[in-house]
Amino acid sequence: MKHIATKIAAVVLAVVFVMSFAACSGGKPAETASAASIKVGVLAPLTGAVAEYGNAVNNGVIQFVEELNANGGINGKQIELIPYDEEGDPVKAVTGYNSLVDQGVVAIIGDVTTAPTIAVVAESQADGMPMITASATNAAVTCQLDADQNVVKVYENMFRSCFIDPFQGSKMAAFAVDELKAKTAAVLYNVGSDYSGGCAQSFQETAKEKGLEVVAVESYADGAVDFQSQLTNIAAKAPDVLFVPDYYNVVALVAQQAFAAGSKATMLGSDGWDSVLDTISDPSLVEGAYYCSGYSKDDTRSEVQTFVKNYTAKFNDTPNMFAAQGYDAAMILFAAIEKAEASGKTGDEYRKAIIAAMKETDMDCVTGHVAYDQYNNPQKSAAIITFENGAAKFWGNY
Amino acid sequence: MLFLSQCINGLQLGSIYALVALGYSMVYGIIRLLNFAHGDVIMIGAYIALLTIGAGLHPALAVGITILGCVLISVLIEKVAYRPLRSAPRISLLITAIGVSLLLQNLVQLFFTADSRAYPSTAIIPARAIQLGGLSLSLSTVVTILVSVGAMLGLHLLIQKTRMGKAMRAVSEDTGAAQLMGIDINRVISITFAIGSALAGVGSVLYCCRYSVANPTMGSLLGLKAFVAAVLGGIGSIPGAVVGGFAIGFAEVLVTALGFSAWTDAVVFAVLIVVLLVKPTGLLGRGVAEKV
């Protein structure tokens, strides 16, 4: 009996051994692809908890590259995308980065979420690998920060196509002054969230520069459902606008309680407001409110409409913000690669040329006009969305 | 004026806590059980309202079904989970209550997922503002306060003036003696659960009309805070639960209004610790000498 078991184990082992060999040889053609192609890695979570974001970004990138290849590629060369699924795990992301480098990619689009992106950026410093993330919004992705959030060093090789979190606060303060002619403002933010806190702080800074008087700043703990007391304090100051940078489920509660507290302020929000209408009991509670988003599918610009049409035709799904930002990341990167190809440089110099060209980006993308500041963060316009007759409506780019 | 508005906020929040705390206190008073599933009954109520209004029922009918649903589920829990343990040590009952709480949360999560759902609060109480002098009140605030006070008065009359109330007080005083006097203990306990959870049903509707979101874990924190309110007032004492509920409501609003919003929950639970250390019987509770 024991003898048979040993035999079975031996057979199983042999099969596994042969199969792993087969897998190796199956992977070979990718490594020896024609020299006339340009290899670019895509590092994204394609499975796991955050796969939804990873796949959207990846689809956006695929969309752009297929269009580019159909138009003859760059400098007569076709683009070859090499995706690596890092499952949302920083350790696997670093493994994936090294694997992509070994496969000879000239640049990488990724990563998608903040923690893996930060891990990979640190690893990429020695190689000077040109990288662009479509969706990691944390300030520490493109810069090394000290404990007080001051910039120690800029990661010269790392760019992004999304705006950073605090940028939205600044945007909405400027919007309130320029477009809504607001004189006074109040802020209600989540003390337990970097996202909310960062937006609130930048809102106040820009408000100060623009002469918008912030008459009340109130806060709440993460997970709170009761904002009545804070909103009563705010309503007593009767501000023109009320900035609430948080996610849609909180906003639904705040809107209702703001009404109950008798607040007449126009509510302003950040991109976390997306899909607030699904959670709110009465859409009239957010009527006339505004929030900013990286992208709106209802944007009337031709770049957006063409993108939405082609993407929908290919993937049979309306592109979300991540898909649009993935598309833009590819657009920014390949424009830079085109310049590097034209320069005729090779090796390290070629990579440096890509980075230099990305730094000088100044172009219209699907998610707005992109130009980079000294921290490699895009200075771009945001899509402003408002609510009219109980429905979300694209207001314009600001 | 600001002060007055904040007082009304405290009154609204306090009246919801008081309704829930009453359920805790009544059950504790009668079988010495901390019914930790009480908060989850409120959550069940929220989902019943969500389903019935979603099905197109008239809001008044939906509210009726919600309250009835809360009563039925509580009586069922009492029959299935608590009654077999009537003579078991109290710690077994307590652990069972925690188990029931987890069961309810996970069942709802299984059927409705863990996502928050919009509660049709404006279908029940329209979003309307009432101007009272310089004071702006929402209709839901006024309704919450009036309904809660009404329910508390009703409960007071029931307990003090009816035969059933008398029986409840007797069972609470001395279960054994009450049984010897010919009181049907099981029936009295069932009715106590039913009344407590009817109040929870009312609390559920009022709570959700204020916060308009339902999710499977919404009952835990509400339940815990109401528990603190019941302990503060003196657990087992009906007027104590009301006093405790309002005290906790006002404390929360005060702390938040002064700008310490991050400390709101900490203050509530600090109250629990202080009460247990300084006066474990609570404000209005009676000390019972331990029989040795």
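Here is how names work: the chains are called A, B, and so on, in the same order as the sequence lines, proteins then strands, and each is numbered from 1.
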*Residue A:Val191 versus chain B: region with a heavy atom under 4.5 Å*: side chain

_Part of B:Tyr211 lying under 4.5 Å from any heavy atom of chain A_ = both

*asked:* Within the 4.5 Å heavy-atom criterion, are A:Tyr247 and A:Val276 side-chain neighbours or not?
replied: no

*Check whether B:Arg128 gets within reach of chain A through its side chain, its backbone, both or neither, counting any heavy atom under 4.5 Å.*
backbone

_Selection from B:Glu252, B:Arg210, B:Arg117 maximising heavy-atom pairs under 4.5 Å formed with chain A_ = B:Arg210

*Parallel, tilted or perpendicular: which describes the rings of A:Phe203 and A:Phe243, with under 30° parallel and over 60° perpendicular?*
parallel

*Hey, are the side chains of A:Tyr290 and A:Leu180 touching, using non-hydrogen atoms and a 4.5 Å cut-off?*
yes

*asked:* Ring centroids only, cut at 6.0 angstrom: are B:Tyr17 and B:Phe246 within range, meaning strictly under it?
replied: no

*Heavy-atom distance under 4.5 Å to chain A: side chain of B:Leu13, backbone, both or neither?*
side chain

*Top residue by heavy-atom pair count (under 4.5 Å) with chain A, among B:Ser121, B:Pro126, B:Pro120, B:Gly259?*
B:Ser121

*Among A:Ala236, A:Gly262, A:Ser219, which has the most heavy-atom pairs under 4.5 Å with chain B?*
A:Ser219

*Beyond-backbone contact of A:Lys183 with A:Glu213, side-chain heavy atoms, under 4.5 angstrom*: no

*Check the side chains of A:Ser202 and A:Ser170 for a donor-acceptor pair under 3.5 angstrom, ignoring hydrogens and angles.*
no

*Is the shortest distance from a Lys or Arg side-chain nitrogen in B:Asp265 or B:Lys225 to a carboxylate oxygen in the other one below 4.0 Å?*
yes

*Count the heavy atoms belonging to other residues, nucleotides or ligands that lie under 6.0 Å from CZ of B:Phe112, then report whether that count exceeds 12.*
yes

*Sort B:Cys7 into side chain, backbone, both or neither according to what part of it lies under 4.5 angstrom from a heavy atom of chain A.*
neither

*When A:Ile280, A:Val225, A:Asn190, A:Asp226 are compared by non-hydrogen pairs under 4.5 Å with chain B, the top option*: A:Asp226

*chain A contact via B:Tyr207 - which portion, at a heavy-atom distance below 4.5 Å*: side chain

*Proximal component of A:Gln228, with respect to chain B [non-hydrogen, under 4.5 Å]*: both

